[in-house]
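Here the structure is laid out as structure tokens; the discussion comes afterwards.
Note that ligands are numbered from 1 as they come in the structure, with each ligand's atoms numbered from 1 the same way.
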Amino acid sequence: MGKTLTYKILENHLVEGVLAPGNEITIKIDQTLTQDSTGTMVYLQLEAMDVDQIKTELSVAYIDHNTLQTGFENADDHEFIKSVAKRHGVLFSKPGNGICHQLQLENYGVPGKTLLGSDSHTPTGGGLGMIAIGAGGLDVAVAMAQGTYSLAVPKVLKVELSGSLKPWVSAKDVILFVLQQLTVKGGVGKIVEYAGDGVKTLSVTDRATITNMGAELGATTSLFPSDENTRAYLASQGREKDYVPMSADADAEYDEVLKVDLSSLVPLAAMPHSPDNVDSIQNIGPIKVDQVAIGSCTNSSYTDLMKVAEILKGKKINADVSLVISPGSSRILSKLAENGALASMINAGARIIENACGPCIGMGQSPKSGAVSLRTFNRNFKGRSGTLDADVYLVSPETAAVSAITGVLTDGSKSGYTLPEIKPESFDFNDHFIVYPKDANKENTFVEMGPNIKPFPQNTKLSDTVTGTVVLQAGNNITTDDIMPSDSRLLPYRSNIPYLANYCFEKIDKDFAARCKEAQTGIIIGGENYGQGSSREHAALAPLYLGIKFVIAKSFARIHRSNLINSGILPLVFENLADYDDFKLGQRLVVEQAREQVKNSAIIVKNIDSGKEYKVLANFTELETEMILAGGKINQIKGNS
Ligand code: MIC
Ligand code: SF4
């Protein structure tokens, strides 16, 4: 039987374990990336591990999320990251260079390599045929320290592409279609591997759009084969030498298959408030649009922005629309400036904003109350834009640009506008935004710690009797944006958990933090896919700070589940889903003989008042059990069990 591309790459990197679905394996990590909003925690944790020499081939620290500098906090965080980067031999990408995933693709991605990033959209690298996985900050810190990462082997889902896309239909529509078919939890426990004849019709940046939004499926990662288009992309970035052809064997067997005929796709949009709430633009109809935002790590490539510039050329943005554009990288921005595309955008009435995450993470450009905002981004969770009652639709760059002109949601293929063919470009090498760790000697490098950088909370070893009060009963698909909101107000405090904790669950229950403080030890009850979305471990660290002991949910999203375990908080799963309804705020629960029980596949949780017992699933791997007993990953590494 032939091998999938996933298994080929995993096999090349296998350090420990047997490659079979569900088994725990340890793989070698070649590259890591961090960004500033998760990076401060990563580097605090790396420092706490007292590491002499990082073990990866390449590690890069990007500054792209929080670049507003409304106060000293951002700038202090950046200095801290820069100083630790230098100390440990990590490349530092200054603010202004662009968005981490776009930059990693342009500069460092190599087919067949592994990448672990402290950001959920790290799978963007799968567009180049890498196994690129998003993880919590502590996992990335450990990957730098030890050069490895442990995971349960995912199933491999093949998406077989045939045909080719029609004009006005693009990569964004492909992944929106896949999300419509599989939903935001359809990828949990899986790696999505693209194959079939249709692959060759997609460029690397198209592929990267698709693998980027594989994060929204909940997948461990997504990847494409590496072929002649990969060679052409690497050559355009001056890196043809990094090209390695890679693909699955023709007779490879997959755990599941989804067939997608590219020729049958039409322009799509994800409607409020979930990336899988997808319909065709024709069906949604010409709703009036107030804001259009183009950019983010999903759709800010050179080709995407050239298409936008060509659509806007000689036109005028609708009077009632605010159009903002944030390019993916300094290299793209500079090329758009050189070839006049930037002028086409500005002359049409577009606002050009910094090449950073910007509005995607709520750093400015919150739409007006009740607005309809079209965004080429990847997440439209309620309130993520900074405006709780705004309706955010996720669309392709083509749809965004044409709708900015018409002022209503528009299917470009029915608009009468012509879509020009965009020729790929070659880029000049420029590393002026990169600080190299020329002197990576730990002894003579000082770590800069601003006053807003506070120590991260650490758990203690699991006690034998764990009691707590139910402090929240949450619904399905709770996002990490719900658990630990992020916007221009809170992002400057990513290195200050005591402050951030006051805003935990703020958007869905403003009394949550106060209730936890009163209860002292708390328990959260969750629905399906608890903790989907971002990799931010703040969504585990703030609850830890507030005394949360365990979360019982119908199911968990992958990264958040790991972050809970890394923090020593138990993620437990209802065996009987109907038990969910039995739990009410204020109930006192207990797990007796917890240290023994976590070693079993199921645990008994008792309601102290009624005496009723519930069986919940634990199913921790050996390593996870060790971490839980020790009170988190750092304690486990230090051997404190
Ligand atoms: C996001 O898109 O939600 C973020 C902001 O990039 C996060 C990381 C974070 O919360 O800092 C992610 O995707 O992991
Ligand atoms: Fe940045 Fe948005 Fe991409 Fe997250 S999804 S890395 S906030 S651009």
Side-chain angles (χ1 to χ4, degrees), residues 33-42 61-68 74 77 81 93 95 97-105 116-125 132-137 139-140 172 175 208-209 211-216 218 221 275 293-301 304 324-329 353-365 375-381 383-386 392 394 479-488 490-495 500 531-542 557-560 562-563:
L33 72 78
T34 59
Q35 41 87 344
D36 49 311
S37 67
T38 54
T40 45
M41 281 298 144
V42 176
Y62 295 96
I63 305 292
D64 56 355
H65 278 61
N66 192 4
T67 55
L68 264 194
N74 299 175
D77 280 355
I81 293 176
S93 167
N97 199 16
I99 306 173
C100 56
H101 307 303
Q102 176 64 33
L103 291 168
Q104 189 79 12
L105 198 74
L116 196 74
S118 66
D119 191 281
S120 64
H121 291 103
T122 304
T124 313
I133 302 178
D139 285 318
V140 177
K172 183 61 153 277
I175 187 62
T209 295
T211 58
N212 169 284
M213 264 190 98
E216 276 52 69
T221 190
I294 298 175
S296 91
C297 57
T298 316
N299 278 121
S300 60
S301 68
D304 280 346
V324 292
I325 301 176
S326 39
S329 73
I353 53 176
E354 191 174 8
N355 34 321
C357 297
C360 180
I361 184 57
M363 291 302 281
Q365 306 303 325
R375 299 178 161 214
T376 66
F377 307 166
N378 46 38
R379 291 184 172 142
N380 59 345
F381 303 145
R384 183 172 156 105
S385 66
V392 176
L394 305 176
T479 70
T480 49
D481 283 79
D482 293 325
I483 305 172
M484 198 56 263
S486 241
D487 52 24
S488 55
L490 293 179
L491 212 48
Y493 297 95
R494 281 294 187 94
S495 24
L500 267 190
Q532 68 159 330
S534 148
S535 68
R536 67 189 69 143
E537 61 195 335
H538 306 73
L541 292 174
R558 175 186 64 90
I559 307 180
H560 186 60
S562 300
N563 285 340

Between T376 and G295 (side chain of the first, backbone of the second, donor and acceptor by atom type, cut-off under 3.5 Å), is there such a pair?
yes

For atom 4 (Fe) of ligand 2, the protein heavy atom that lies nearest, with its residue and separation
H65 NE2, 3.7 Å

Does R384 reach the main-chain N or O of C360 with its side chain, forming a donor-acceptor pair under 3.5 Å?
yes

Side chain to side chain donor-acceptor pair (under 3.5 Å) against R558, all qualifying residues, sequence neighbours excluded
none

Which value, rounded to the nearest 0.5 Å, describes the distance between L500 atom CG and L490 atom CG?
6.0 Å

Kindly indicate whether the side chain of D481, heavy atoms from C-beta on, has any atom under 4.5 Å from the side chain of R536.
yes

Gap between atom OG of S535 and atom CD of Q35 - 0.5 Å precision:
6.5 Å

Protein neighbours of ligand 1 with a heavy atom under 4.0 Å, given by chain and number, are Q35, S37, T38, H65, D119, S120, H121, I361, R379, R384, R494, S534, S535, R536

CG of L541 to CE of M41, rounded to nearest 0.5 Å, is 6.0 Å

SG-CG distance between C357 and D64, expressed to the nearest 0.5 angstrom
4.0 Å

Using every non-hydrogen atom in the two residues, find where T480 and S534 come nearest and quote the distance to one decimal.
OG1-N, 3.0 Å

Protein N, O or S atoms lying under 2.8 Å from atom 3 (Fe) of ligand 2, listed by chain and number:
C297 SG

Going by side chain to side chain donor-acceptor pair (under 3.5 Å), name the residues that satisfy it together with N97, two or more places apart in sequence or in a different chain.
S93, S330

